[in-house]
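First comes the structure, then the notes that go with it.
The chains referred to below are lettered A, B, ... by the order of the sequence lines, with proteins before strands, and numbering in each begins at 1. Just so we're clear, the structure is a prediction, and the values are computed from it rather than from any experiment. Scope of the values below: all heavy atoms of this structure, side chains included, with no hydrogens, waters or symmetry mates.
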2 protein chains.
Amino acid sequence: MNASNTSATRETGKNPTLSDVARVAGVSYATADRVINDRGNVAEKSVRKVHDAMSELGYIRNVAAANLSRQRTYRLAFLLPKGRNAFFSRVRAHLDSLVEHLVVDQISVDVSEIDAFDVEGLKHSLLSIVDASYDGIAVVGLQSEEIAEPLRKLQEQGTSIIGLVSDLPVDHRAAYVGINNVAAGRTAGRLLGLSHAGRKGCVQMIVGSLDARDHADRLSGFREVISEDYPNIELLDPIMTRDDAEKVAAVVKEALVAEPKVSAVYNVGAGNSGLVAALEQCTRPKRFFCIVHELVAHTHKALLNKHIDLVIDQRPDVEINRSITILKALIDGREIPPMQDLVPTIYVRDNLPSHIPDTTLRHTQDHD
Amino acid sequence: MNASNTSATRETGKNPTLSDVARVAGVSYATADRVINDRGNVAEKSVRKVHDAMSELGYIRNVAAANLSRQRTYRLAFLLPKGRNAFFSRVRAHLDSLVEHLVVDQISVDVSEIDAFDVEGLKHSLLSIVDASYDGIAVVGLQSEEIAEPLRKLQEQGTSIIGLVSDLPVDHRAAYVGINNVAAGRTAGRLLGLSHAGRKGCVQMIVGSLDARDHADRLSGFREVISEDYPNIELLDPIMTRDDAEKVAAVVKEALVAEPKVSAVYNVGAGNSGLVAALEQCTRPKRFFCIVHELVAHTHKALLNKHIDLVIDQRPDVEINRSITILKALIDGREIPPMQDLVPTIYVRDNLPSHIPDTTLRHTQDHD
DNA sequence: CTGAAAGCGCTTACAG
DNA sequence: CTGAAAGCGCTTACAG
């Protein structure tokens, strides 16, 4: 009935210090320091003695003290595609709201803008920040091998690199923080299938560009599920929009007139403000089922308005928090703490976060 | 085209130190220290001078240095309901996997077991840990005013308290980490409504106990949505099971025979291993739609097996990480960093995390 | 290859 | 009410 302590403990507080290790090993503090930090120039024998003492005492290095003495500061940068994209506005907003809380942990973060989907642009951006010698960077990447060289330079110089939202070539980054987009597409497919409850249906898919890995992945995941499990649902050829809201609006209107049998729309990419506008003007008596990606101001609103039924979101806020945690661990040279996969999050109008996502609408028009 | 730095920065590194403040204020380090830490015994005039210097320099206290000098250690405890519950096994597993990563931040965490749903038990548990003088505790709470007294004692003694998963009386905790269960129920209702696509339906609801706030909240959220938006769906009276898997199994079997019109089952509470067992034996030709709560080993499996269609999960891993972040901030006396609401997460079989949740099956039978 | 000493930015007695 | 000094657990020159 009373509280009984169990397992998960480990005495903290009287942790052995490096002087303890040195004393037990019978060497000076300086030598002990040399071996635990691999600074070399230590006799084999001393190394052994120190290692023995370490394991005997269960020594754990106090990173905070080390960082203090070294005046360590974490200089981070996020490289985000520039432009009028609501999703990345949300990312920036979260980053902005975080900075004042990060200073107290000696973390500073800059955000740099890069040209979206442009290998050359990304390459130049990477090159241009080499001199800034950041301790860690998170970059919304591209798969091209062309950026291998700047990434290598950054690595050589000691900056830790992770891919964010869209991965980098796997050999040139320490981690990837983002969702599995095939899974995201499959999830959309599953829910769309469910919503038809065995009835016949027909889906208009909308895509930004098949060159974008995330779009292509979502599309193929979606197709997989529909063809595997929902033979009652027909798929029309996807329409490309380059994520342009006006294009999306035009396409949606046209498709709905030309194809009165359409029962559902799935927008794999961005430009949802156009989609919502088109739906608002739609005069079809029978509404259709609508799934889109990323919760931002207008998709949030459309969910409440019932113009959209489901939003699949990748939780940029948790992606950012994770990025920072991981970069810090990388920089400190420690293990990355265990974390569960990032999962594509499904929003209906009932599990929406109470605070509308911080989309700073600093751009006159908001194309996502 | 090149990276251009923007906003989110703030110089770190050459942050002014307290000696700078003291020098600018024209007082000794010790006095400056007294005023920034509110230790009293300082002349009005000195206080003012120090404050002026602080804001002039933009002084930010270095918490790491302070903690080092004070040999600060974060002694945390989690009070979890004891017993054979798969959800809390998952919580414990995550906690266990975290401890070795927390030591390096001078954080230790104990986990204590308390009697589930038992006010007296909780009260005694709280009382019994007063002497341990933890710096912070996270407790799976109850709403009763009976526990106000032990909570007050803990607070007076300086331990920070938060409610986890199930809240404490609001006056006696600094924060609550958990989902909104009305929203969770509404979400279940919405998806169940969707799955019927306008067809007639009939739902058998299963509940652990209406005395449990979370169960009651989910049930009422669920009912709200169905009655608001899905008049085609009928709700049978909920059946109580005290979260006992065998009871759940029996109830499900019986209900399905007695009510052949049942098109869906929603288990608001636990005991899902029983539900799955019953479904596996079910011989009805027409399968029905099934929604449950919490992703654990057997619900995960049932999702893949198609015995269950949807799982609504509260992501205990993120709840725990957040609890620790919040407790640490509370203990350091700093602001809690901005975080988005915890949202009820929807799993279909396509957005499942790749690693099966760590349910340590240390109990022979697993009742959730 | 090894060690003594100062310093990182704070807190905590201790003396005035 | 005020200040000088030692110490927290490390790192970084600097001297041997």
* Spell out, as yes or no, whether a donor-acceptor pair under 3.5 Å connects the side chain of A:T325 to the backbone of A:N321. => yes
* **A:T159 vs A:D135 side-chain heavy atoms within contact, under 4.5 Å** => no
* Kindly give the heavy-atom pair with the smallest separation between A:L18 and A:Y59, and that separation in Å. => N-CE1, 3.5 Å
* Structure fact -> Scoring nucleotides 10-16 of chain C by protein non-hydrogen atoms under 4.0 Å (B base, S sugar-phosphate only, - none) yields BBB----
* Asked: CG of A:D317 to CZ of A:R322: how many Å apart, nearest 0.5 Å?
  -> 11.0 Å
* Is the closest side-chain donor-acceptor distance between B:D110 and B:Y134 under 3.5 Å? -> yes
* To do: Return the value, rounded to whole Å, for the distance between atom CG of A:L68 and atom P of C:dC8.
  => 9 Å
* With distance as the sole criterion, is a donor-acceptor pair present between the side chains of A:S128 and A:S125 under 3.5 Å? -> no
* Structure fact -> A correct dot-bracket answer for DNA chain C, with pairs being Watson-Crick or G-U at under 3.5 Å, [ ] for crossing pairs and | for inter-strand pairs, is |||.||||||||.|||
* In whole angstrom, give the distance that lies between atom CD of A:Q71 and atom C1' of C:dA6. => 13 Å
* Spacing between A:N41 atom CG and C:dG3 atom P, to the nearest angstrom -> 13 Å
* So, A:N67 versus A:Y74: side-chain donor-acceptor pair below 3.5 Å or not? -> yes
* Distance-only, no hydrogens or angles: does the B:Y29 side chain make a donor-acceptor pair with backbone N or O of B:D20 under 3.5 Å? -> no
* What integer distance in Å separates B:E44:CD from D:dC1:C1'? -> 13 Å
* When you check the phosphate oxygens OP1 and OP2 of D:dT2, does a side-chain N or O of B:T31 lie under 4.0 Å from one of them? -> no
